[in-house]
Enquirer: 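Take a look at this one; I'll ask things after.
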Number of protein chains: 2
Amino acid sequence: MNDRVDDERGATLASMASVLADATRATFLVALLDGRAWTATELARHAGVAPSTATAHLHRLRNSGLITEVRQGRHRYVRLADPATADLVESLVSAAPDVAEPVRSLSASTRRRALAFARTCYDHLAGTLGVAVTDAMTARGFLTWENGLAVTDDGAHWLTTLDPQGWPPGRGRAPVRPCLDWTERRSHLAGAAGALVCRYAIDAGWVARRPRTRAVTLTATGRHALREHLGLAESVLRPKASA
Amino acid sequence: MNDRVDDERGATLASMASVLADATRATFLVALLDGRAWTATELARHAGVAPSTATAHLHRLRNSGLITEVRQGRHRYVRLADPATADLVESLVSAAPDVAEPVRSLSASTRRRALAFARTCYDHLAGTLGVAVTDAMTARGFLTWENGLAVTDDGAHWLTTLDPQGWPPGRGRAPVRPCLDWTERRSHLAGAAGALVCRYAIDAGWVARRPRTRAVTLTATGRHALREHLGLAESVLRPKASA
DNA sequence: CTGATGCTTCGGCCGGTGCCGAAGCATCAG
DNA sequence: CTGATGCTTCGGCACCGGCCGAAGCATCAG
């Protein structure tokens, strides 16, 4: 009567999902979406739990293969295991039905606005800026959405001018992928192409990372460059005054 | 200190994952991967739980938007909500680290072999047959894996001959996507193209669905047609005698 | 060496959640 | 109408798993 094969898959699915099903572990993973390595204590403080609790969670995340760790002296640095894991986390977040959340405080509002304008999402750009770049690349004919998202020949050429080594990407990773933007409710560019653009934008000083947050700052250089490369109007490159 | 925005995303992720984190609900979802509608009682028997328990689980799955339901008389038919949900379920299953499972009984072994040879995976073909079709399409130049998986112009033409209405697909769904085969440990064709091929194979009598299982039977017509269309050798189209 | 810091282990508490059976309602066949 | 079937609600039980604080070990600075 029982279908053993399917039972195995069901049990597998459940055990995998149960790792993600805890609010504290989920907070860890979302924090790690910035692609950087965090220490155990940082994550514990970020999630508001005791160090001992964080230890147990990290133990479980590591055993499930979702994170990797590096020991350095008395520090334990952890990262997401790979881009596929980041994709999984993202897809679970965006699978949830949308609910509008009221903003709770002024400083939270400021922080939210900074994040909404420009941030990194694992390894690519997100927020208003991420969507604007994606739109501009589409308008320039670098991307096509005809049969799903794809890079055009012109687009491949442009990516090559940014990073001759970086395109086309190696196998094992989606070259291009839409990622649903949680603030804009629209898709921005992810996958290897999104990572390439983001890497270049940071290296070339178009945007600057800020400490302790995924928000990034668009520099004057960046504004100019985006206008040159993609014809992006200055008007869309200013954070909006109100949420 | 707390990052409210990220907390929201973490909580969202956790609540979504907790829906998938139960073995019984996971068994339901894996069963529903066959793309068909099941009744509540069928799912309860399949998973080995009381009807009242199944009711509670279905309630929760529906509230999370993972399944949709149709009431017909005293029956409650449920399906996966959409292809994106199927993708999510698949990606969670394949995110788990591989573990080899010993086969438990002779009938289980037979069933497993049938599933391993040819089955549907939500809406496309999987198993040895699914991988063989994918390989043959690649050899024929219908698919390219150069920069990730894509359909070539020749491939688009072939798909059009199968179903003039079906290609190119509408927006909102990936046209083509690799899906990791859990028996072959290699990727087979999924996405809209995979669904088109599978739909045609069933409609044209190449393969026949079996009741109460996701395994499908390759017909004589199918063997002939696959040889004609894709040059698939007969030798790969026989279920292997041993696992 | 000494104290501070980062991380870990252990014991115990507690809330959430999955399970069942009994009872009840709606539908359908006869 | 009557009984069978599909599904639902409710009450109660049991267990899993997350949380903390205390104590302990390793590393590092002074």
Enquirer: Please report the distance, rounded to the nearest Å, between NE2 in A/His75 and C1' in C/dA4.
Expert: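 Result: 12 Å.
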
Enquirer: Starting at the 5' end of DNA chain C, write a dot or bracket for each base, bracketing those in Watson-Crick or G-U wobble pairs whose two distances are under 3.5 Å and using | for partners on another strand.
Expert: ||||||||||||||||||||||||||||||

Enquirer: Checking the side chain of B/Thr53 only, and the main-chain atoms of B/Val49 only, is there a donor and an acceptor separated by less than 3.5 Å?
Expert: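 Side chain of B/Thr53 to backbone of B/Val49, a donor-acceptor pair under 3.5 Å: no, none is there.
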
Enquirer: Starting at atom NE2 of A/His59, determine the distance to atom C1' of C/dC10, rounded to an integer number of angstrom.
Expert: 14 Å

Enquirer: Measure from the side-chain N and O atoms of A/Thr134 to the backbone N and O of A/Leu189, and report whether any donor-acceptor pair falls under 3.5 Å.
Expert: yes

Enquirer: What is the minimum heavy-atom distance between A/Ala192 and A/Trp167, and which atoms define it?
Expert: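 Residues A/Ala192 and A/Trp167, closest heavy atoms: C-CZ3, 4.1 Å.
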
Enquirer: Measure from CH2 on B/Trp38 to C1' on D/dG6 and round the result to the nearest Å.
Expert: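 After rounding, the gap between these two atoms is 17 Å.
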
Enquirer: Quickly work out the B/Leu61 CG to D/dT8 P distance and round it to whole Å.
Expert: 13 Å

Enquirer: Between protein and nucleotides 14-30 of chain C, map the contacts as a letter string: B base, S sugar-phosphate only, - none, heavy atoms under 4.0 Å, written 5' to 3'.
Expert: ----SSBB-----BS--

Enquirer: Is it the case that the side chains of B/Arg74 and B/Thr39 hold a donor-acceptor pair, with the cut-off being a distance below 3.5 Å and no angle test?
Expert: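 No, no side-chain donor-acceptor contact under 3.5 Å.
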
Enquirer: Run A/Leu66 and A/Val19 through side-chain contact (heavy atoms from CB on, under 4.5 Å) and show every step you take.
Expert: CA-CA 9 Å; A/Leu66 292 175; A/Val19 177; 3.7 Å; yes

Enquirer: Taking the six-membered ring where the residue is Trp, are the ring centres of B/Trp206 and B/Tyr200 under 6.0 Å apart?
Expert: yes

Enquirer: Looking only at the side chains, is there a donor atom on one of A/Arg60 and A/Ser18 sitting less than 3.5 Å from an acceptor on the other?
Expert: yes

Enquirer: Check A/Arg79 against A/Leu32 and note the closest heavy-atom contact, atom names and distance.
Expert: CA-CD2, 4.2 Å

Enquirer: For A/Leu58 and C/dT8, what is the distance between atoms CG and P respectively, to the nearest whole Å?
Expert: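 Nearest whole value for this atom pair: 7 Å.
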
Enquirer: Given atom CZ of B/Arg62 and atom P of D/dT8, what is their separation to the nearest angstrom?
Expert: 8 Å

